[in-house]
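The structure appears right after this line, and notes come after that.
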Amino acid sequence: EVAVSWRPSTEFAGNLYRGEGILPGSPRDVWECIKPVAGGLRTKWDQNVKDFEVIETLTDTISVCRTTTPSAFMRIISPREFVDVVVMKQYEDGTMLSAATNVEHPLCPSRPNFVRGFNYPCGCLCIPVPGEPDKTQLLTFFQTDLGGYLPQTVVDSFFPSSISGFYSNLTKAVKTLKA
């Protein structure tokens, strides 16, 4: 199960969405499925990620990445691309964080056939559940401007169900990883 909530963003004229749920897998397994790295598992299970590439590695924990998405919501939403600076961090308690925000990069001009979207500060936290080594609290924050000429009602309809699908598909991916 996942709880999805939202409120108006202070960054842009859309919403900040929050997802929270307990996943049946260790933080390491959940992280393995969501970590933002080239060749990672995310493109295999996340229906909203078609391709993920690292454009430039700035440090071992900071990189500039491009994510492309397929069309969505019965093709009302055309393919998008996002260019973000991404930071990854592991905390002493075992929590793993991936945070990102949009950035312009000379190696990533807009491409034809994609609408350039913008991620405002967003991220995922894989938090260990005390006393439950095979469970992970996953906290996600999304505040995405999909760009283009989409009515806000379409965006508002898309995100909550998209986040629920993210958690459902991630749960299946973690189970497959453990098998």
Side-chain angles (χ1 to χ4, degrees), residues 1-37 40-52 65 67-74 76-77 80-82 84-91 93-102 117-130 132-147 150 152-178:
E1 288 188 25
V2 59
V4 178
S5 58
W6 59 91
R7 65 172 174 77
S9 172
T10 59
E11 301 286 330
F12 76 112
N15 290 316
L16 165 63
Y17 293 90
R18 177 182 186 211
E20 183 175 7
I22 303 292
L23 277 73
S26 70
R28 288 240 173 256
D29 287 347
V30 173
W31 180 250
E32 189 63 32
C33 290
I34 66 170
K35 68 182 175 182
V37 295
L41 297 176
R42 185 95 178 251
T43 58
K44 293 175 177 45
W45 65 265
D46 189 339
Q47 63 192 20
N48 290 317
V49 176
K50 185 174 184 178
D51 192 29
F52 180 87
C65 304
T67 306
T68 56
T69 66
S71 61
F73 208 57
M74 298 176 292
I76 294 171
I77 301 173
R80 292 328 201 228
E81 68 174 356
F82 301 87
D84 300 300
V85 61
V86 178
V87 63
M88 294 182 286
K89 182 171 176 138
Q90 181 167 352
Y91 294 89
D93 71 350
T95 296
M96 287 166 265
L97 162 76
S98 166
T101 192
N102 71 78
F118 300 94
N119 286 317
Y120 290 88
C122 57
C124 298
L125 290 125
C126 294
I127 305 165
V129 175
E132 302 269 3
D134 287 328
K135 289 190 177 177
T136 302
Q137 177 186 10
L138 181 64
L139 190 57
T140 57
F141 295 94
F142 299 97
Q143 44 182 350
T144 302
D145 178 351
L146 291 175
L150 291 171
Q152 191 62 40
T153 54
V154 170
V155 176
D156 294 342
S157 297
F158 169 75
F159 266 101
S161 61
S162 175
I163 293 168
S164 292
F166 172 88
Y167 276 78
S168 175
N169 291 333
L170 175 55
T171 297
K172 291 173 192 167
V174 170
K175 286 180 181 177
T176 300
L177 188 65
K178 290 169 52 173

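Position 1 is the first residue of the sequence, and the numbers go up from there. Remember, predicted model here, so these are calculated numbers, not experimental data.
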Q. Is there side-chain contact between I77 and S71, with at least one heavy-atom pair below 4.5 Å?
A. no
Q) If you take all heavy atoms of S26 and T136, which pair is closest and at what distance? A) C-OG1, 3.0 Å
**Q.** S98 and V87, any side-chain heavy atoms less than 4.5 Å apart
**A.** no
Q: Flag the pair P36 / R42 as yes when at least one side-chain heavy-atom distance between them is below 4.5 Å, and no otherwise.
A: no
(Q) Could you check whether atom CD of Q152 has more than 12 heavy atoms from other residues, nucleotides or ligands sitting under 6.0 Å from it? (A) yes
Q.
If you compare all heavy atoms of V154 against all heavy atoms of L150, which two are closest, and at what distance to 0.1 Å?
A. CG1-CD2, 4.3 Å
(Q) Run the ring pair (Phe, Tyr, Trp, His ring centres under 6.0 Å) test against Y17 and tell me which residues pass, sequence neighbours left out. (A) W6, F159
Q | Heavy-atom side-chain contact between W31 and M88 under 4.5 Å | A | yes
Q.
We want to know whether D156 and N15 form a side-chain donor-acceptor pair, criterion being a heavy-atom distance below 3.5 angstrom.
A. yes
Q.
Looking only at side-chain N and O atoms, does E81 offer a donor or acceptor that is under 3.5 Å from a partner on T68?
A. no
**Q.** For G21 against Y167, the heavy-atom pair lying closest together
**A.** N-CE2, 3.6 Å
Q: Please tell me if the side chains of Q47 and N169 come closer than 4.5 Å, counting only heavy atoms from C-beta onward.
A: yes
**Q.** Donor + acceptor pair across side chains of T43, D51 (<3.5 Å)
**A.** no
(Q) Does any part of the side chain of F12, heavy atoms only, come nearer than 4.5 Å to the side chain of N102, both counted from C-beta? (A) no
Q) Looking only at heavy atoms, which two atoms of V30 and C126 are closest? And how far apart? A) CG1-SG, 3.6 Å
Q. Of all residues at least two apart in sequence or in a different chain, which pass the salt bridge (charged side-chain N to carboxylate O under 4.0 Å, His left out) check with D29?
A. none
Q. Residues two or more places apart in sequence or in another chain: which of them pass side chain to side chain donor-acceptor pair (under 3.5 Å) with D145?
A. none
(Q) Among residues at least two apart in sequence or on other chains, which ones pass ring pair (Phe, Tyr, Trp, His ring centres under 6.0 Å) with W45? (A) F166
Q. For the residue pair P133 and P27, what are the closest heavy atoms and their distance?
A. O-CD, 4.0 Å
Q.
Let me confirm one number: the CG-CD distance from L125 to E20, rounded to the nearest 0.5 Å.
A. 10.5 Å
(Q) Main chain of K172, side chain of T176: is a donor-acceptor contact present, judged purely on distance under 3.5 Å? (A) yes
Q: Verify side-chain contact (heavy atoms from CB on, under 4.5 Å) between V4 and S164, making sure each step is shown before the conclusion.
A: CA-CA 7 Å; V4 178; S164 292; 4.0 Å; yes
Q) If you round to the nearest 0.5 Å, how far is CE of M96 from CD1 of I127? A) 10.5 Å
Q | Residues that E32 engages under side chain to side chain donor-acceptor pair (under 3.5 Å), provided they are two or more places apart | A | K35
Q. Is the closest side-chain heavy-atom distance between D84 and C65 below 4.5 Å?
A. no
Q) Would you say the side-chain atoms of E11 pair up with the backbone N or O of Q143, donor to acceptor, closer than 3.5 Å? A) no
Q: Determine, step by step, whether R7 and L16 satisfy the side-chain contact (heavy atoms from CB on, under 4.5 Å) criterion, reporting the C-alpha distance in whole Å, the side-chain angles of both residues, the deciding distance to 0.1 Å, and the verdict.
A: CA-CA 6 Å; R7 65 172 174 77; L16 165 63; 3.4 Å; yes
Q) Of all residues at least two apart in sequence or in a different chain, which pass the salt bridge (charged side-chain N to carboxylate O under 4.0 Å, His left out) check with R80? A) none
Q.
If you compare all heavy atoms of I34 against all heavy atoms of C124, which two are closest, and at what distance to 0.1 Å?
A. CD1-CB, 3.9 Å
Q. Got L170 and L138 here, is their nearest side-chain heavy-atom distance under 4.5 Å?
A. yes
**Q.** Rounded distance (nearest 0.5 Å) linking atom CG of N48 with atom CZ of F142
**A.** 8.5 Å
Q: Classify the side-chain pair N119/T144 by whether it contains a donor and acceptor separated by less than 3.5 Å.
A: yes
Q) At what distance, to the nearest 0.5 angstrom, does CD of Q137 lie from OG1 of T95? A) 8.5 Å
Q: Please step through side-chain contact (heavy atoms from CB on, under 4.5 Å) for the pair K135 and L23, ending with a clear verdict.
A: CA-CA 6 Å; K135 289 190 177 177; L23 277 73; over 6 Å; no
